[in-house]
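If you're wondering where the values come from, they're calculated on a predicted model, not measured in any experiment. All chains are named by letter (A, B, ...) in the order of the sequence lines, taking the proteins before the strands, and each is independently numbered beginning at 1.
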Amino acid sequence: MSQPSTRERGVSDTVGAQPDLAREFLARRTPLSAVRSTLHRYPAISPGVVLLLAVVVFGLINGRFWAPANLSLITQQVAVIGTLGVAQTLVILTAGIDLSVGAIMVFSSIVMSQAAIARGVPPWLGLVGGLVVGLLAGALNGVLVTRLKLPPFIVTLGTLSVFTALTLLVSNGATIQGSQLPNLLTWTGDTFRVGGVDFSYGVVLMILLYIVVAFILGRTAWGRHVYAVGDDKEAARLTGIRVNSLLISVYIAAGGILALGAWVQIGRSFAASPNAAADVNLDSITAVVIGGTSLFGGRGTIWGTLLGALIVGVFRNGLALAGLDVLYQTLAVGVLVIVAVAIDQWIRKARK
Amino acid sequence: MTRTPSDRTTVAAGTSAPVLEARNLVKTYGNVVGLDGVSLELYPGEVLAVIGDNGAGKTTLIKCLTGAEVPDEGAILLDGQRVHFRRPQDAREAGIETVYQSLAVAPSLDVASNLYLGRERRKRGFLGGVLRMLDTRGMREQAKHELQELGISTLQDVTVPVENLSGGQRQAVAVARAAAFGSKVVVLDEPTAALGVRESNQVLELIKRLRDGGVPVILISHNMPQVFDVADRIHIQRLGKRAATITPRSHSMTDAVAIMTGATTVS
């Protein structure tokens with residue numbers, strides 16, 4: 001940038017400058033850049049469009065796709081990833097990443113069910129125990145990220161193994177079948193019927209969670225601070241936000257949400273298995289990314305993640321109904337991720 | 001010490017006490033001496049520029065005044081009361097607002113959210129008290145009002161994300177957030193370093209308007225013409241000490257540079 005010389009000290013041109021600025025700004029707008037700005041401002045648009053197209057196309061390929069029973073099945077298949085996606089979104093919005101979501105969820109589900117089947121322990125106490133484990137696990141991640149100043153990727157890569165080992169220690173590698181568990185823990189898998197369609201309580205729990213987190217992110221100071229920290233950590237600190245406390249609270253919140261995910265998972269699979277969640281880490285990141293949340297932090301919405309989780313669910317289900325092998329489902333998910341990130345990069349260029 | 005309040009123009013000489021005062025601040029980093037007994041006075045309704053070569057201690061001085069660093073020795077007085085800042089937030093709560101060179105704004109949040117970042121207003125009653133819901137509309141209206149007060153007419157729409165703004169507009173947001181909340185002192189660290197000529201002029205205009213509104217301003221800058229344009233007094237740092245405090249009337253730019261580099265000394 002040029003530095004003003006002595007001759008340009010006069011500031012009288014400030015008033016006349018404004019129409020120029022406006023004209024320059026307007027001149028740069030082309031139809032494509034207008035689309036890009038719109039997507040930039042409302043990041044949930046593109047996943048919304050993709051989901052709509054996918055539902056239409058798969059329905060046209062195989063009419064059974066649109067059957068209420070099938071749509072209900074998709075929501076149930078999506079419930080666990082959708083719940084984990086909430087936790088993952090919070091962490092990714094702060095420009096972090098959580099590779100331990102699956103490990104924490106499984107650890108919490110094992111503690112929950114081991115406690116609940118122990119003699120003399122009421123089921124609700126088992127549930128609370130699992131929740132506490134989730135919160136503590138999240139707190140450990142948060143403290144390691146902020147106090148040791150390690151990158152979240154490394155911290156959660158480490159705690160992924162730690163919690164997996166603890167899970168095996170507590171469970172002895174054994175799966176507890178749903179029939180052994182109290183009804184409270186498998187309640188999330190129960191369904192109720194509205195107008196001929198089955199909904200599971202796990203899906204209801206997930207949707208409630210989205211509503212609550214959407215409110216917190218959009219309508220509270222804490223939510224704004226999550227975005228501000230993800231945008232620019234140092235700037236956030238300088239504006240007076242306590243960045244470390246905020247980050248720890250984000251990881252603790254994520255841990256609590258993962259414990260709810262554990263509950264949903266027990267209901268969905270009607271069992272508590274130490275080997276339950278092989279793919280859920282990457283699937284949760286996939287849902288967040290397809291939902292338009294930027295891995296660089298500070299941009300994205302929680303509803304985008306729900307759309308992202310639904311897109312993955314719809315693709316897997318739709319491709320299966322179209323008679324394609326499982327490998328094509330995996331392939332499709334991979335392509336979706338790359339396309340989503342490419343679109344994100346293109347949108348971000350809108351302001352560079 | 002080289003206090004020269006006698007030729008100040010904006011305030012009657014010697015009649016008013018400093019708003020912000022630093023006495024003999026010392027700050028060392030290991031063996032490196034950042035500040036070696038620096039004093040500084042900021043009087044009501046003035047623009048005090050702080051200039052100095054790289055490594056002269058400008059930034060360290062400002063960091064101590066704004067709570068980003070804690071001085072090892074010396075005292076900071078605000079309105080004659082001794083204050084101890086441990087964090088930037090302490091200084092802000094005391095009424096010292098800082099605009100950093102690195103533009104402390106959150107690009108993805110809108111203008112109003114940025115103005116209120118870190119001091120959001122909540123709704124009244126159950127929604128705000130229990131659900132902790134933000135008073136978004138109230139903050140937007142107030143933000144619009146504050147921007148008009150400051151004469152920043154280029155920012156009509158406070159719902160635009162800051163990343164959609166030009167550099168000058170972003171800087172205006174940063175200055176506005178510092179000035180908008182009844183602050184006692186506004187500190188600007190190289191506010192025009194990243195800006196073009198026209199945008200720089202807008203920021204300088206804003207600084208003058210702040211001063212005319214009664215808010216004293218500390219301006220750190222490398223840019224001599226700008227300093228001599230807006231400053232009432234100029235504090236010159238050299239080798240961790242205050243070399244002199246001059247005014248644009250009593251000294252020329254050449255004098256200032258000579259003092260800065262040590263070619264001339266002022267007793």
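Annotation: B/Lys58, atom NZ; neighbour count of heavy atoms from other residues, nucleotides and ligands within 6.0 Å is above 12. Within 6.0 Å of CZ on B/Arg122 lie more than 12 heavy atoms contributed by other residues, nucleotides or ligands.
Along residues 240-256 of chain A, the residues that come nearer than 4.5 angstrom to chain B, judged on non-hydrogen atoms, are A/Gly240, A/Ile241, A/Arg242 in order of number.
Taking all atoms of both residues into account, the shortest heavy-atom contact from A/Gly298 to B/Ser108 is O-OG, 2.8 Å.
Rounding to the nearest 0.5 Å gives a distance of 9.0 Å between CD of A/Glu234 and OH of B/Tyr100. The CD atom of B/Glu120 sits 13.0 Å away from the CH2 atom of A/Trp222 when rounded to the nearest 0.5 Å. Separation of atoms NE2 (A/His225) and CG (B/Leu109) is listed at 9.0 Å; rounding is to 0.5 Å. Within the model, atoms CZ of A/Arg219 and OG1 of B/Thr136 stand 5.5 Å from one another, a figure rounded to the nearest 0.5 Å.
When each of B/Gly118, B/Pro88, B/Ala68, B/Ala91 is checked for heavy-atom pairs under 4.5 Å with chain A, B/Gly118 comes out on top. Most heavy-atom pairs under 4.5 Å with chain A: of the set B/Leu131, B/Asn114, B/Asp90, this distinction falls to B/Leu131.
Using a 4.5 Å cut-off between heavy atoms, B/Val230 does not touch chain A at all. Contact annotation for B/Pro107: both backbone and side-chain heavy atoms come within less than 4.5 Å of a heavy atom of chain A. Contacts of B/Arg87 with chain A are made by side-chain atoms alone, with heavy-atom separations under 4.5 Å and no backbone atom involved. Contacts of A/Ala221 with chain B are made by both backbone and side-chain atoms, with heavy-atom separations under 4.5 Å.
The backbone N or O of A/Thr239 sits nowhere less than 3.5 Å from a side-chain atom of B/Arg119 that would complete a donor-acceptor pair.
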Test side chain to side chain contact (heavy atoms under 4.5 Å, CB included) on A/Asp231 and B/Glu163 and set out the steps.
-> CA-CA 11 Å; A/Asp231 252 348; B/Glu163 61 199 343; 5.7 Å; no

